[in-house]
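Before any comments, here is the structure.
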Protein chains: 2
Amino acid sequence: MYYPEPISKLVDSFTKLPGIGPKTAVRLAFFVLNMEEDDVLDFAKNLANAKRELTHCSVCGHITDTDPCRICDDRERDGSIICVVQDPKDVIAMEKMKDYQGKYHVLHGAISPMDGIGPEDINVPPLIERLKDEEVKELILATNPNVEGEATAMYISRLVKPSGIRISRIAHGLPVGGDLEYADEVTLSKALEGRRDL
Amino acid sequence: MYYPEPISKLVDSFTKLPGIGPKTAVRLAFFVLNMEEDDVLDFAKNLANAKRELTHCSVCGHITDTDPCRICDDRERDGSIICVVQDPKDVIAMEKMKDYQGKYHVLHGAISPMDGIGPEDINVPPLIERLKDEEVKELILATNPNVEGEATAMYISRLVKPSGIRISRIAHGLPVGGDLEYADEVTLSKALEGRRDL
């Protein structure tokens, strides 16, 4: 026994977090011991509350503490455009941009036959239901630019196309501030493919 | 507002930990949302318990959940040797080695006139008291090999020397598995200075 039990338990808890190995966990646990008691109790409370109070929005699937979430509930936003993303973090990235005024649909994953994940396993069926009920004019597919994300976008696109809703995919190309010299060939090929007339 | 309040509070708590910036804090907070509820509640409990149940041993100053700590209370250990370290983590490092069977004294810092830290501000006076009460034959000064650690070792050594207790300082030199080529000159100079006859 190297540590008193309360420390070793805390170290174990920290080790469960991603990117935190045993040494960092020990460092964090000892840091906690030197923190103000109020801060530590707040931390504990925030952990429990985050898990208890947050749920998925019954409309779009985004993480929220109200149902429907604030974005779905916002009448100022344009309900005729839905942006489909894989993850709640993607919604947050989009919201940071502040340019997009439509609504969202969070899939919580992507279709991946290799991992046995089909369209029924992610939040696709509620999206289809939503398209029947709501007056949606455009669906922006903003799944990740990788194999699973592309497959998911393709699947949704084929499923929804017959309904006549406009379907778009976010552009792939060189990131702003990037350097052509260091771009990988797939990105470069996508950038060339997606070129626009000036 | 990008995050529901329970998330942003949790992100704030994570940001207070060392080495965790805003992006990592967000990643950890979202990870927590996907963890099993039991694990999260355990984590919260472990945090609060670590802070509440742990105290400093009244004898040696090590972090403990019993007073005196298990090391001070262990009759199998040799009470005639005390190893003086700066930090509870140093005790744990020493204990991992499993070679040392004496007791400890944790200073919780080092003398640093630049920062206004004198011997009275760290756990030195209780050490002097301890040396009066207990039958100590050797004091091993294992403070860190830097300016503050050396100054602290020197201070304690001068203070205790008249009592006739043997005082030693842990060796400084090349780390095992290290490479002479890459050693800094101070370490190399210490290694040369501390050379032993074979």
Side-chain angles (χ1 to χ4, degrees), chain A residues 1-14 16-20 24 26-57 62-66 69-70 87-89 91-96 98 108, chain B residues 1-14 16-20 24 26-57 62-66 69-70 87-89 91-96 98 108:
Chain A
M1 127 36 238
Y2 305 134
Y3 306 104
E5 206 194 337
I7 300 190
S8 62
K9 279 187 171 175
L10 183 57
V11 169
D12 286 349
S13 283
F14 273 122
K16 285 184 185 151
L17 298 177
I20 292 183
T24 311
V26 170
R27 194 163 56 93
L28 293 177
F30 275 92
F31 182 85
V32 165
L33 296 182
N34 291 325
M35 271 167 79
E36 292 293 323
E37 181 152 1
D38 283 353
D39 283 347
V40 177
L41 297 181
D42 270 354
F43 189 179
K45 205 179 62 194
N46 294 341
L47 271 171
N49 284 354
K51 190 66 194 176
R52 275 202 216 107
E53 291 177 10
L54 291 172
T55 172
H56 292 154
C57 171
H62 186 41
I63 278 178
T64 175
D65 52 348
T66 57
C69 73
R70 288 193 182 78
D87 199 275
K89 274 176 277 191
V91 174
I92 287 159
M94 291 284 292
E95 285 297 287
K96 274 193 183 148
K98 293 198 174 101
H108 291 285
Chain B
M1 132 26 247
Y2 306 133
Y3 306 104
E5 205 194 339
I7 301 191
S8 61
K9 278 188 174 175
L10 183 56
V11 169
D12 286 347
S13 284
F14 273 122
K16 284 185 185 150
L17 298 178
I20 293 183
T24 311
V26 170
R27 195 164 56 94
L28 292 177
F30 274 93
F31 183 85
V32 165
L33 296 181
N34 291 325
M35 272 167 78
E36 293 293 324
E37 180 152 2
D38 283 352
D39 283 346
V40 177
L41 296 182
D42 270 353
F43 189 0
K45 206 179 61 194
N46 293 342
L47 270 172
N49 285 354
K51 190 66 194 175
R52 276 202 216 105
E53 290 176 12
L54 290 173
T55 171
H56 292 154
C57 171
H62 186 41
I63 280 177
T64 175
D65 52 348
T66 58
C69 74
R70 288 194 183 78
D87 199 275
K89 273 176 279 190
V91 173
I92 287 157
M94 292 284 292
E95 285 297 286
K96 273 191 183 151
K98 292 196 175 101
H108 292 285

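Because the structure is predicted, anything quoted here is derived from the model rather than measured. Residue numbers start from 1 in every chain, and the chains themselves are labelled A, B, ... in the order their sequence lines are given, proteins ahead of strands.
- Of all heavy-atom pairs between B:P4 and A:R70, the closest is CA-NH1, 4.5 Å.
- Interface remark: B:L33 contributes backbone and side-chain atoms alike to the contact with chain A (heavy atom separation under 4.5 Å).
- Contact annotation: the side chain of A:K9 never approaches that of B:N49 to less than 4.5 Å [non-hydrogen atoms, C-beta and beyond].
- Only the backbone of A:N34 comes within contact range of chain B, judged by heavy atoms closer than 4.5 Å.
- Here B:L47 contributes atom CG and A:L47 contributes atom CG; the two are 6.0 Å apart, rounded to the nearest 0.5 Å.
- With a threshold of 4.5 angstrom between heavy atoms, B:I20 approaches chain A through side-chain atoms but not through N, CA, C or O.
- Counting all heavy atoms, side chain and backbone alike, A:K51 lies closest to B:V32 at CD-O, 3.8 Å.
- The structure places CD1 of B:I92 at 5.5 Å from CD1 of A:I7, a figure rounded to the nearest 0.5 Å.
- When all heavy atoms of A:D65 and B:P6 are compared, the pair lying nearest together is OD2-CD, 3.5 Å.
- Around the CD atom of B:E37, the shell of radius 6.0 Å holds more than 12 heavy atoms that belong to other residues, nucleotides or ligands.
- Annotation: the span from A:F30 atom CZ to B:L54 atom CG amounts to 8.5 Å, rounded to 0.5 Å.
- Within the model, atoms CD of B:E5 and OG1 of A:T66 stand 11.5 Å from one another, a figure rounded to the nearest 0.5 Å.
- The contact between B:E53 and chain A is made entirely by side chain atoms (from C-beta outward), counting heavy-atom distances below 4.5 Å.
- Residue contact with chain B, scored on non-hydrogen atoms closer than 4.5 Å, involves the backbone and the side chain of A:L10 alike.
- Residue contact with chain A, scored on non-hydrogen atoms closer than 4.5 Å, involves the backbone and the side chain of B:L17 alike.
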